[in-house]
Number of protein chains: 2
Amino acid sequence: MQRETRQRRLIMEILLNSMDHPDALTVFRRAQDKKAKVSIGTVYRTLELLVKEGKALKFYDANAIARYDAKTDFHHHLICKICGKVEDLDVSLFKSDQMIKEIEEKTHFKDIEYHLTIYGICEDCAKRGNRES
Amino acid sequence: MQRETRQRRLIMEILLNSMDHPDALTVFRRAQDKKAKVSIGTVYRTLELLVKEGKALKFYDANAIARYDAKTDFHHHLICKICGKVEDLDVSLFKSDQMIKEIEEKTHFKDIEYHLTIYGICEDCAKRGNRES
DNA sequence: TTTTGTGCAAACCGTTTGCATGGAG
DNA sequence: CTCCATGCAAACGGTTTGCACAAAA
């Protein structure tokens, strides 16, 4: 049912080696940098496939552009309001199991999952005095 | 510098009376229901203005469509993975002050704010047996 | 009258999709 | 050989924008 193609291996490899939560176009460019042939359509289709398989995470940045990363350990994202840089944030900071339990207890929702996107000002931009990038 | 127009009053009123976090098109339709004349472009411009003024919140739903609500008390959102319904969730569930303090201590970010979008399955959809809407 | 806001429609741009072809199994 | 995957390009759809006109101050 699912076939292993050159393109799928390529895109998964790029995602695994990308620590900056790339969008589809960035993945596409990294493929080109490797002199590998892929189309942007295939990049989109493959990234969505990885998300459905649970091998990648998808979230939207402040410009509503879809960002992806290879799912390793669960973590949240910290986005700089000035320069847009995205950093990972360890989920253990937030006692997520306890939180999910609390939510399930206090609401009628089941099968809860969440992604926390935190906005702030990164060290570099704070030093620069909050200028626009 | 800022002028009070019929359209701005209208859109703010619609947003204040909408408890379902409408997108721009929904706000536009509600204006039409009131037999009020506005263009979709003005709706977008005005909603963005309200966000910049801090009078409205903006976030993206699971389909990357911008949703708005009049900013009253700070709260999070609970979105049903099946039917897409959006509910409010009291922020007090999550000890947000403590969490922000923790984040500021453990990262180098400043001026932190966050919006938590939680996905789950609502009571109605759970009863229906998780069918697609 | 001056200046900002609106309506309209075209442009934008990230993303999806139809279809003919290619390649995995 | 069969099907699923890919490439290509067109279409999609939410959002933005330029410009002439309207209306607030």
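Below, read A as the first sequence line, B as the second, and so on, with proteins coming before strands; counting in each chain starts at 1.
- At least one side-chain heavy atom of A/Glu4 sits under 4.5 Å from a side-chain heavy atom of A/Arg9.
- The two residues B/Asn63 and B/Asp61 make their nearest non-hydrogen contact at N-OD1, 2.8 Å.
- Here the side chain of A/Thr42 is nearest to one of D/dG14, D/dC4, D/dG7, namely D/dG7.
- Rounding to whole angstrom units, CD of residue A/Glu53 and C1' of D/dC4 are separated by 14 Å.
- Of the candidate nucleotides C/dT6, C/dA24, C/dT15, C/dA24 has the atom lying nearest to any side-chain atom of A/Thr5.
- For B/Gln7, whose side chain is taken as the heavy atoms from C-beta onward, the closest listed nucleotide among C/dT6, D/dC3, C/dT15 is C/dT6.
- The separation between B/Leu10 atom CG and C/dG5 atom C1' is 14 Å, rounded to whole Å.
- Rounded to an integer number of Å, the gap from OH of A/Tyr60 to P of C/dG14 is 14 Å.
- Counting only heavy atoms from C-beta on, A/Arg3 has its side chain closest to D/dC4 among C/dG14, D/dC4, D/dA23.
- The side chain of B/Arg8 contributes an N or O atom lying less than 4.0 Å from OP1 or OP2 of C/dG5.
- A heavy-atom distance below 4.5 Å is found between the side chains of B/Lys34 and B/Ile14.
- In this entry the distance linking NZ of A/Lys52 with C1' of D/dC4 reads 15 Å, nearest Å.
- Note: CG (A/Asn63) to P (C/dC12) measures 18 Å, nearest angstrom.
- Across the protein-nucleic acid pair, B/Glu4 atom CD and C/dT3 atom C1' stand 17 Å apart, rounded to whole Å.
- Distance, A/Ile65 CD1 to C/dC12 P: 17 Å, rounded to whole Å.
- What separates CG of A/Leu49 from P of D/dT6 is a distance of 9 Å, to the nearest Å.
- Heavy-atom distances to DNA chain D give each of B/Ile40 and A/Ser39 a nearest nucleotide, and the one nearer the 5′ end belongs to A/Ser39.
- The shortest distance between side-chain heavy atoms of B/Lys37 and B/Gln32 does not fall below 4.5 Å.
- Using a 4.0 Å cut-off between charged nitrogen and carboxylate oxygen, B/Asp20 and B/Arg30 count as a salt-bridge pair.
- Contact between the side-chain N/O atoms of B/Tyr44 and the OP1/OP2 oxygens of D/dT16 is not found at any separation under 4.0 Å.
- When the side-chain nitrogen and oxygen atoms of A/Arg45 are compared with OP1 and OP2 of D/dT6, none of them lie within a distance under 4.0 Å.
- Taking the nucleotide of DNA chain D with the nearest heavy atom to each of A/Val38 and B/Ala64, the more 5' of the two is matched to A/Val38.
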